[in-house]
Amino acid sequence: MLVRMIFLKKDLIEIWGDLVSQKDLLLSLSVSSLCTLGAYFFAPKNTTSQLFFGLGGAVVGFIIITLLITPKRHVKTTATPPDTTHQEEQK
Amino acid sequence: MTLSLIFSMIIASLAAILLYTLIGFVPGTDETSVLMPVTLALVLAGTPPMVVLAFFMAAIVTLNLMNAIPTALVGLPGGVMSTPMIEHALFLKEKGLAATSIKKMATGSLLGTLVAVPTSLLLGNLLAPLAENIKSYSAWLFILGAIFLALIGKNKILALLSMVPLALLFQGLRSVYWDLGVVPQEKNITISFFLGITIGPLIISLLQLLNKKMNQDRPRYAIREVVVSTVSEKENLFHPLQTLTKKEGLHALVASLIANFLFVLSPVGLTILLGEASSKQAKEPIERAELAVTTMSALSHATYLSGVIIPLIALGIPLSPVAVGPANALFNAPPVFTLEHNLHHILTTQQFVVAILIGTVLASIVTYYIAMRYAAKITVFVLQKIPHEAILGIFVAFILLLAVMDGGLLNIFGVLLVGIVCGTLNQLGVNYGVQFMILYAAPELLKLLVF
């Protein structure tokens with residue numbers, strides 16, 4: 001359902017070479033930052049475990065976001081036929 | 001060197017291959033921001049130096065080849081290093097030759113590694129005796145390095161003009177932190193400023209979204225269709241030598257060899273320069289594109305490997321764009337490594353050779369196999385499952401984390417400031433290399449100007 005909504009609307013912007021929705025981007029930035037810094041402040045007070053907790057938090061945030069947000073790409077596969085025309089996606 | 005150490009190096013290399021295979025397929029990931037934080041984490045965790053080195057070597061070999069694959073299959077560059085080959089890879093894809101293009105890239109990467117490892121080990125050791133004298137002038141080398149990179153950049157005048165202001169920015173922040181007691185007097189904040197520079201362009205484009213007018217002016221897109229050319233996997237595991245013509249092999253070897261001697265230049269720049277030069281040797285368009293992807297794939301490996309290995313062995317200070325960028329944590333990761341005490345000082349030549357060989361050989365073999373067998377499958381998986389938002393999120397999270405670790409909450413804003421300034425300069429044509437060099441040269445550069 002979510003996918004269809006995105007299909008209809010033309011509201012994606014390009015950042016760093018790929019398309020994002022601003023709302024999803026905001027969600028992603030907040031969740032990633034909260035998970036990372038949360039884990040960091042939760043860690044025992046020495047540099048190494050702080051770093052590892054932080055990186056762990058970043059990974060957890062990444063997984064949450066990956067599950068929550070649909071990628072803005074419609075992937076189609078073609079079995080390399082010879083000589084397709086030049087109508088592929090842009091860039 | 002015990003058996004368990006060798007075992008750890010093998011495990012670390014395999015871990016690097018796994019991690020960076022996945023990351024490599026993600027379009028648009030910047031090498032520095034995916035390599036540096038993880039390497040830094042390993043160093044700070046007290047991982048034995050040889051294990052860190054093997055990990056890093058496996059990581060760059062893996063990342064360089066995996067970055068090239070989405071370029072061949074989709075036409076999206078997997079990373080900065082694969083942007084030079086995009087035009088040629090797209091052309092081959094349109095001709096229905098994506099599979100050929102991957103084979104040539106994979107073999108090219110083998111050749112690049114094969115040439116770069118022994119050559120740069122040799123060059124490093126030859127330069128080492130000279131380096132002892134040079135090193136006492138290291139600040140000067142960074143200043144000269146910055147001037148040199150400024151002069152070969154896109155915006156030469158602004159790059160030169162921005163050197164002192166940038167030095168003021170870095171030293172200014174450091175002094176404020178010292179005054180406020182946020183960091184101890186002997187600590188020179190580098191890592192988080194460094195990442196601030198890397199993330200600068202991204203920060204600028206994110207901040208532009210906050211400006212209503214600029215946001216509305218941005219072009220809008222509907223969801224995009226990405227066409228992945230799948231490759232039949234059955235007959236696909238070729239003997240490396242069967243995938244290239246003699247000419248392609250020769251060009252890849254010679255270009256990689258030349259790249260080793262130019263290790264102080266930017267790897268992307270070198271790949272474009274030497275890659276395009278050698279592709280001109282072919283007349284027919286398909287032949288030319290095939291020659292280009294082969295040579296460029298070899299070059300991306302050769303430039304990266306020599307850019308790390310030579311400064312590590314000869315100098316111990318990060319005096320190449322690769323060393324000062326993605327490999328920075330091997331030179332400077334206080335409190336474990338400093339410019340006076342890092343891999344260069346800790347490891348013997350023999351230890352260097354063993355760690356480098358374990359990392360590069362393992363990664364070459366495994367990634368060759370993955371590229372030949374699973375390229376299309378992994379590309380489809382990554383494009384379907386991993387949203388670009390998540391990638392941007394984890395980058396920003398990394399930066400926040402390292403900023404806080406380096407200088408407390410206040411430093412988040414310091415890094416934001418560095419990002420804004422450096423990102424703006426970057427948009428105006430001052431490349432990363434100049435900014436990185438100034439970060440190291442800042443204290444000495446400012447002392448020169450006090451009368």
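Residue numbering restarts at 1 for every chain, and letters A, B, ... go by the order of the sequence lines.
Here the side chain of A:Arg73 pairs no donor or acceptor atom with the backbone of B:Lys385 at under 3.5 angstrom. A donor-acceptor pair is defined here as one N or O able to donate and one able to accept, closer than 3.5 Å; such a pair exists between the side chain of B:His388 and the backbone of A:Ile15.
Considering OH of B:Tyr221 and CG of A:Leu12, their distance stands at 10.5 Å, rounded to 0.5 Å. Rounding to the nearest 0.5 Å gives a distance of 10.0 Å between CD1 of B:Ile394 and SG of A:Cys35. The OG atom of A:Ser32 lies 11.5 Å from the CZ atom of B:Phe395; values are rounded to the nearest 0.5 Å. Taking CG from B:Leu44 and CG from A:Asn46, the interatomic distance works out to 11.0 Å, rounded to the nearest 0.5 Å. Atom CD1 of B:Ile386 sits about 12.0 Å away from atom CD1 of A:Ile65, to the nearest 0.5 Å. Taking CG from B:Asn215 and CD from A:Gln22, the interatomic distance works out to 4.0 Å, rounded to the nearest 0.5 Å.
Heavy-atom contacts from other residues, nucleotides or ligands closer than 6.0 Å to CD of B:Glu87 number 12 or fewer. Other residues, nucleotides and ligands contribute more than 12 heavy atoms inside 6.0 Å of the NZ atom of A:Lys45.
In this structure, the portions of B:Val404 lying under 4.5 Å from any heavy atom of chain A include both its backbone and its side chain. Contacts between B:Ile204 and chain A at a heavy-atom distance below 4.5 Å are absent for every atom of the residue. Contact annotation for A:Phe41: only side-chain heavy atoms (C-beta onward) come within less than 4.5 Å of a heavy atom of chain B. Both the backbone and the side chain of B:Ile391 come within contact range of chain A, each with at least one heavy atom under 4.5 Å from a heavy atom of that chain. If you measure heavy-atom distances from B:Val336 to chain A, you find no contacts under 4.5 Å at all. Interface residue A:Leu55: backbone and side-chain heavy atoms are both found under 4.5 Å from chain B. Within the 4.5 angstrom heavy-atom criterion, atoms from both the backbone and the side chain of A:Ser21 approach chain B.
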Worksheet item: Hey, mind stepping through A:Leu37 and B:Leu400 against side-chain contact (heavy atoms from CB on, under 4.5 Å) and telling me if it holds?
Response: CA-CA 8 Å; A:Leu37 291 183; B:Leu400 284 178; 4.3 Å; yes
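Looking at A:Lys72 and B:Glu389, a side-chain N of the basic residue comes within less than 4.0 Å of a carboxylate O on the acidic one, giving a salt bridge.
Contact record, B:Gln384 with A:Val75: CG-CG2, 3.7 Å, taken as the closest heavy-atom pair. When all heavy atoms are compared, the tightest approach of A:Ser33 to B:Ala397 is N-CB, 4.4 Å.
Comparing B:Pro219, B:Ala41, B:Pro201 by how many heavy-atom pairs each has under 4.5 Å with chain A, the most go to B:Ala41. Contact tally against chain A (heavy-atom pairs below 4.5 Å) for B:Ser205, B:Ala390, B:Gly393: the top residue is B:Ala390. Heavy-atom pairs under 4.5 Å with chain B peak, among A:Thr77, A:Leu51, A:Thr36, A:Leu29, at A:Leu51.
With a 4.5 Å cut-off on side-chain heavy atoms, B:Pro387 and A:Thr66 count as touching.
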